[in-house]
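Input: a single structure, listed below in C-alpha cells.
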Amino acid sequence: MYPLVGSEVDIRRAVQEDAGTLTRIAFAAKRHWGYPEAWIQHWKESLTITPEFVRNNEVYAAIFDSEPFAFYALTGAGRTVELEHLWVSPGWIGKGIGRVLFEHAMREAASGGAHALE
C-alpha cells in the first residue's frame with residue numbers, strides 16, 4: 001500500500017481484463033491537458049491499450065477502491081527498457097501517484113536487469 005493525500009493505493013500487475021479501463025485512463029489523461037480532439041483521434045492507436053499489450057508487457061496499475069486509476073507500462077528487455085505509458089486519471093493528477101508509479105517502474109526495471117529506462 002502507498003499512502004497518497006489521505007488515500008491508500010495498491011499497485012498490482014494489470015490483467016488483460018483491465019485493458020478497457022486503462023484505455024479510458026489514457027484518453028482522459030491526454031484530454032486533461034487540453035489537446036484538440038483531432039489530435040486525440042490521431043493518437044487513438046497509441047492510447048489504446050489492448051489485452052494483448054497487457055499480456056505481452058509489464059503493465060502495472062494503481063488501484064483504489066478495487067479499480068485502476070493510473071498505470072504504466074514497461075516494454076523491451078535487457079539492459080534498456082522503455083517506459084511506454086504512464087497515465088493518471090485527471091482526478092488524481094497532482095496527488096503524487098505519478099511519482100509513485102515512476103519510482104515503482106524504476107525498481108521493476110532494475111529488478112529485471114535493466115540499467116537504463118528510456
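Along the sequence shown, residues are numbered consecutively beginning with 1. Treat the numbers as computed from the prediction; the structure is a model and nothing was measured. Side-chain atoms are counted along with the backbone in the values below, which use heavy atoms only and exclude waters and symmetry mates.
For Gln41, the CD atom sits in a packed shell: over 12 heavy atoms of surrounding residues, nucleotides or ligands are nearer than 6.0 Å. In His32, the NE2 atom is crowded: over 12 heavy atoms of neighbouring residues, nucleotides or ligands sit closer than 6.0 Å.
Between the side chain of Asp18 and the main chain of Val15, a donor-acceptor pair closer than 3.5 Å is present. Using modelled atom types, one side-chain atom of Ser89 and one backbone atom of Phe69 make a donor-acceptor pair closer than 3.5 Å. With hydrogens and angles disregarded, a donor-acceptor distance shorter than 3.5 Å links the side chain of Thr23 to the backbone of Ile49. Proximity of a side-chain donor or acceptor of Thr50 to a complementary backbone N or O of Phe53 within less than 3.5 Å is detected.
Across all non-hydrogen atoms, the minimal contact from Pro51 to Gln16 is O-CG, 3.4 Å.
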Checking Met106 against Leu117 for the side chain to side chain contact (heavy atoms under 4.5 Å, CB included) test, could you report, in this order, the C-alpha distance in whole Å, the side-chain angles of both residues, the deciding distance, and whether it holds? CA-CA 7 Å; Met106 295 287 288; Leu117 182 65; 3.3 Å; yes
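Residues Trp43 and Tyr35 place their aromatic rings such that the two centres sit under 6.0 Å apart.
From Ile40, atom CD1 reaches atom NZ of Lys30 across 7.0 Å, with rounding to the nearest 0.5 Å. Once rounded to the nearest 0.5 Å, the distance linking OG1 of Thr75 with NE2 of His85 reads 8.0 Å. The line from CH2 of Trp87 to CD1 of Ile25 is 11.5 Å long, rounded to the nearest 0.5 Å. Once rounded to the nearest 0.5 Å, the distance linking CG of Leu86 with CZ of Phe102 reads 8.5 Å.
Between the side chains of His104 and Tyr72, at least one donor N or O lies within less than 3.5 Å of an accepting N or O.
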